[in-house]
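Just so it is clear: chains get the letters A, B, ... in the order the sequence lines come, proteins before strands, and each one is counted from 1.
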Amino acid sequence: MTTTSTPPRDEAPAKSAAQSAASLLLQSMRNNMRQYGMLIALALIVVLFQIWTDGTLLLPNNVSNLIQQNGYILILAIGMMIVIIAGHIDLSVGSLVAFVGAMSAVMIVNHDVPWGLALVLCLLIGAVAGAWQGFFIAYVGIPSFIVTLAGMLLFRGLTQIVLEGKSIAPFPNGFQNIAKGFIPEMGPYTQYHNPTLLLGLATIAFLLVREWRDRKRQLAYELDVLPTGLWVTKLVAMTAAVVAFTLTLASFHGVPVVMLIMCGLLLGLGYVMRNAVVGRHIYALGGNSAAAKLSGVKDRRVTFLVFVNMGVLAALAGCVYAARLNAGTPQAGLNFELEAIAAAFIGGASMSGGVGTVMGAVIGGLVLGVLNNGMSLVGIGTDYQQVIKGLVLLAAVGFDIWNKRRVGR
Amino acid sequence: MPTTPGSGRPVLEMRGITKTFPGVKALSDVSLTVRPGEIHAVCGENGAGKSTLMKVLSGVHPHGSYDGEIRFEDEPVAFKDIRASEQRGIVIIHQELALVPYLSIAENIFLGNEQTTARGLVDWNDTLRKAGELLRRVGLPEKPGTAVVDIAVGKQQLVEIAKALAKKVKLLILDEPTAALNDEDSAKLLSLIRELRDQGIASIIISHKLNEIRDIADSVTILRDGRSIETLTVRETPSSEPELSEKRIIRGMVGRDLDHRFPDRTHYEGADAGEIALAVEGWTVRHPIDHHRKVVDDVSLTVRRGEIVGIAGLMGAGRTELAMSVFGRSYGQYVSGTVAVAGRTVDTRSVPAAVDAGIAYVTEDRKRYGLNLIDSIKRNVSLPSLPGMLRHGVVDEHHERRVAERYRQSMNIKAPTVYEQVGRLSGGNQQKVVLSKWIHADPDVLILDEPTRGIDVGAKFEIYTVIDRLAAEGKAVLFISSELPELLGMCDRIYTMAEGRLTGEVTRAEADQEVLMRHMTMNRS
């Protein structure tokens with residue numbers, strides 16, 4: 001081309017508000033490229049397998065199944081994401097899952113401890129295990145890779161000692177329901193599961209009220225907000241997504257208990273990481289620990305808490321997994337740490353820390369989960385499944401690095 | 001070799017060297033001539049361009065990234081990297097030694113230059129024998145098999161020189177070779193450099209210790225603001241006044257006019273004006289690894305409300321170490337001393353305690369110690385003040401965003417939004433973010449460590465204006481800087497430090513660059 005034409009420049013001033021909103025949107029897209037990218041990738045994977053499985057993937061019973069199959073990995077991925085954001089790694093979670101599962105079996109099956117009490121004790125065991133590792137990492141200063149590698153051996157060994165090499169089963173129904181149950185049906189017969197519909201409505205109300213309040217406060221503080229049209233579109237899209245998901249679940253047995261736990265963690269820990277001081281401190285430590293220390297972040301205490309949190313979540317995952325298997329077994333949780341780490345990296349974590357979100361961990365976990373489920377449905381063997389999951393991990397992180405290089409610096 | 005120092009055709013000629021970094025002209029039309037077998041000192045203030053010049057010479061900045069001509073042994077040379085310059089016999093020894101601590105002396109000497117057998121394996125007999133010879137040549141009575149980590153810093157310096165000799169060095173460049181050494185080790189090192197000179201090896205020495213330069217150098221080239229100002233030579237001196245006097249060198253280094261680069265100082269008018277805000281008493285700190293060295297030695301100083309007090313000192317004088325150890329003992333091993341804020345002795349044992357006591361420290365190394373580069377302006381600004389931004393126990397993001405927005409405007413941080421990643425900003429804007437962060441923490445005492453390092457003149461003026469405003473609001477400002485003009489332009493009083501001790505205190509009226517430089521170069525000996 002030898003000639004260039006100047007585009008007409010009318011309405012420039014009128015556009016400025018919309019432009020600044022658009023630049024805000026672009027900014028947040030660019031800063032969360034990996035997450036948006038993965039959300040799109042997740043959607044593509046879902047669509048692909050939906051077509052490939054002739055619609056089986058999104059059938060209500062398969063959606064329930066998918067959630068229950070991946071619940072414990074998602075719980076681990078959330079904890080792992082926080083560990084990685086803080087600039088550490090935890091290799092012990094798979095073994096800890098097995099150990100806590102074994103302890104729950106010993107308590108409930110062998111010693112008739114009421115399952116509710118046993119669950120609480122299991123979470124305590126997880127906290128103590130996390131505190132043990134956190135102590136060596138934060139206060140003694142041993143690298144987390146080594147401490148948790150030791151933990152991986154240690155908890156696996158303890159599992160075998162506790163179980164004496166055998167599986168212990170079966171669990172009472174109440175305990176099994178943690179992994180397999182649904183929230184109970186109530187009220188008159190409709191075509192749908194009533195409490196699920198109510199939960200869906202509550203979710204929509206909650207989201208709308210939150211958006212509304214946020215916007216009001218942003219306006220009060222005279223900050224930039226999305227233009228009204230765009231905002232309404234966003235609300236409609238959000239509502240539609242929740243409605244579709246609610247109806248899918250409500251036309252089967254309703255909301256699985258695991259999903260309730262998951263959503264609680266996603267909301268609670270997501271909120272903590274975004275808004276609580278300790279969350280901010282975790283990002284700061286992972287991003288630049290020297291600068292964080294010089295800004296008054298209590299680095300040791302924060303690191304310690306991160307590992308206690310991981311321990312509790314691993315214990316929770318351990319109970320869910322034991323309940324799903326309906327047994328405490330010595331081989332439980334093998335390679336779970338690797339699945340959780342993979343989920344965190346697919347979901348936007350960075351090897352050097354300081355980056356990532358709890359939501360990202362869930363998205364990363366779902367990418368792996370849908371791949372697992374979809375590939376099983378179409379009859380791809382576990383050998384090829386592993387190959388494909390490995391390639392997906394490589395591609396996700398490779399894309400991120402390529403994208404960063406392209407954006408510059 | 002029969003060469004006499006400083007005679008004959010030059011071994012090295014650098015002519016018209018100009019090196020530009022984005023936005024900064026680091027060197028402009030610099031010339032440097034080194035004669036065979038002479039010790040040539042390069043002097044200048046921090047930032048005058050000494051290290052850049054040495055990087056150009058040694059190929060760190062490859063040929064093509066600078067303008068000008070380099071001739072070595074009468075041939076034009078164009079080094080594409082350090083290896084290329086080392087092959088010609090130009091070896092640079094950096095201030096931070098480049099030795100691998102857990103390898104032996106012999107392995108370090110031949111690192112990257114391994115003595116191999118015919119089959120390509122390391123020839124240990126040859127390595128150890130040659131290393132032994134080199135150690136004898138530099139006068140180091142250690143076994144070649146000793147690990148470098150087990151010998152003292154002074155001896156490590158000699159290993160570096162042995163390493164250079166192993167590369168058949170013809171021109172040795174030493175960057176601040178005695179900065180980390182005690183007097184005895186320094187003397188030993190300097191006499192070794194003299195011996196090498198007598199064997200025909202020329203040296204370029206960069207040093208802040210003017211008495212050393214006076215003692216050892218055959219000629220001195222002075223750089224100022226990226227230009228070569230003059231070259232002084234022992235030989236050409238008429239008998240009356242020696243040209244290489246410390247006073248003469250200082251005049252060359254600082255001979256620059258103060259122009260209008262600083263805002264007029266505004267004075268604090270509050271009722272408590274003149275009250276002592278910060279008092280440090282008998283502050284002594286040891287080096288974090290080398291416990292025998294006191295990096296800060298019995299320092300006592302005061303800063304009043306609304307006062308800007310400078311600390312001048314050359315690299316390694318202990319200024320940053322003083323500031324960081326006062327700020328939550330973030331550096332070194334505390335020995336003794338107290339800190340009082342507004343007359344009350346305060347606990348500064350940890351950073352949170354120091355922040356609570358009303359002290360803030362703005363680091364000299366913003367990328368390493370000041371900012372989370374992968375996070376936004378907003379979150380960087382709020383980090384130390386998060387507990388004050390809570391609403392129902394969690395961070396009020398709207399409030400946080402508004403705070404960041406306010407600083408973006410008042411400090412003139414050039415970024416489209418407060419969500420911009422700090423790592424994408426220019427140095428000056430990053431510095432404004434660090435300042436915003438600590439101003440918002442609302443301390444009584446601000447310690448600013450090289451707040452204008454590496455930023456352009458325009459941004460400097462803005463930062464000076466901010467500092468003036470802080471003092472006018474009644475804050476006590478302790479201003480550490482290597483740039484004497486800015487201390488003279490901004491401070492009410494200036495302390496000088498050398499080798500960890502306070503060596504002087506001068507008021508604005510009696511201060512000028514020569515007075516300060518004299519105090520700063522005062523040695524223990």
Practice problem: Evaluate whether atom NZ of Lys216(A) has more than 12 neighbouring non-hydrogen atoms of other residues, nucleotides or ligands under 6.0 angstrom away. | Solution: no
Self-check item: Over 12 non-hydrogen atoms of neighbours within 6.0 angstrom of CZ in Phe145(A)
Solution: no
Quiz prompt | Value rounded to 0.5 Å, distance of CG in Leu294(A) from CH2 in Trp438(B) | solution = 7.5 Å
Quiz item: Which residue out of Val278(A), Val272(A), Val355(A), Asp214(A) racks up the most heavy-atom pairs below 4.5 Å with chain B?
Solution: Asp214(A)
Practice problem: Against chain A, label Ile374(B) side chain, backbone, both or neither, depending on which of its atoms sit under 4.5 Å from a heavy atom there. | Solution: side chain
Quiz item: Stepwise, does the side-chain contact (heavy atoms from CB on, under 4.5 Å) test hold for Val351(B) with Ser295(A)?
Solution: CA-CA 7 Å; Val351(B) 172; Ser295(A) 302; over 6 Å; no
Quiz prompt | Interface moiety of Ser382(B) toward chain A, non-hydrogen atoms closer than 4.5 Å | solution = side chain
Practice problem: Look at Met324(B), Glu397(B), Glu405(B), Arg379(B) and state which one has the largest set of heavy-atom pairs under 4.5 Å with chain A. | Solution: Arg379(B)
Quiz item: Which answer fits Met389(B), side chain, backbone, both or neither, if we ask what part of it has an atom under 4.5 Å from a heavy atom of chain A?
Solution: neither
Exercise. Report, by ascending residue number, the residues of residues 285-293 of chain A in heavy-atom contact with chain B at a distance under 4.5 Å; give 'none' if the set is empty.
Key: Gly287(A), Asn288(A), Ala290(A), Ala291(A), Ala292(A), Lys293(A)
Quiz prompt | Minimum side-chain heavy-atom gap Arg217(A)-Arg391(B) below 4.5 Å | solution = yes
Quiz item: Which bit of Lys437(B) is near chain A, if near means a heavy-atom gap under 4.5 Å: side chain, backbone, both or neither?
Solution: side chain
Quiz item: Of Val395(B), Leu383(B), Val394(B), which is the lone residue that meets side-chain contact (heavy atoms from CB on, under 4.5 Å) with Val277(A)?
Solution: Val395(B)
Quiz item: What part of Asp396(B) is in contact with chain A, defined as an atom under 4.5 angstrom from a non-hydrogen atom: side chain, backbone, both or neither?
Solution: side chain
Quiz item: Are there more than 12 heavy atoms of other residues, nucleotides or ligands under 6.0 Å from atom CZ of Arg329(B)?
Solution: yes
Quiz item: Among Asp375(B), Val355(B), Leu371(B), which has the most heavy-atom pairs under 4.5 Å with chain A?
Solution: Leu371(B)
Quiz item: Taking C-beta and beyond as the side chain, do Leu386(B) and His281(A) meet within less than 4.5 Å on heavy atoms?
Solution: yes
Quiz item: Does any heavy atom of chain B fall under 4.5 Å from the side chain of Tyr283(A), the backbone, both, or neither of them?
Solution: both
Self-check item: Segment of Leu390(B) engaging chain A (4.5 angstrom heavy-atom cut-off)
Solution: side chain
Quiz item: Salt bridge between Glu400(B) and Arg280(A), side-chain N to carboxylate O under 4.0 Å?
Solution: yes
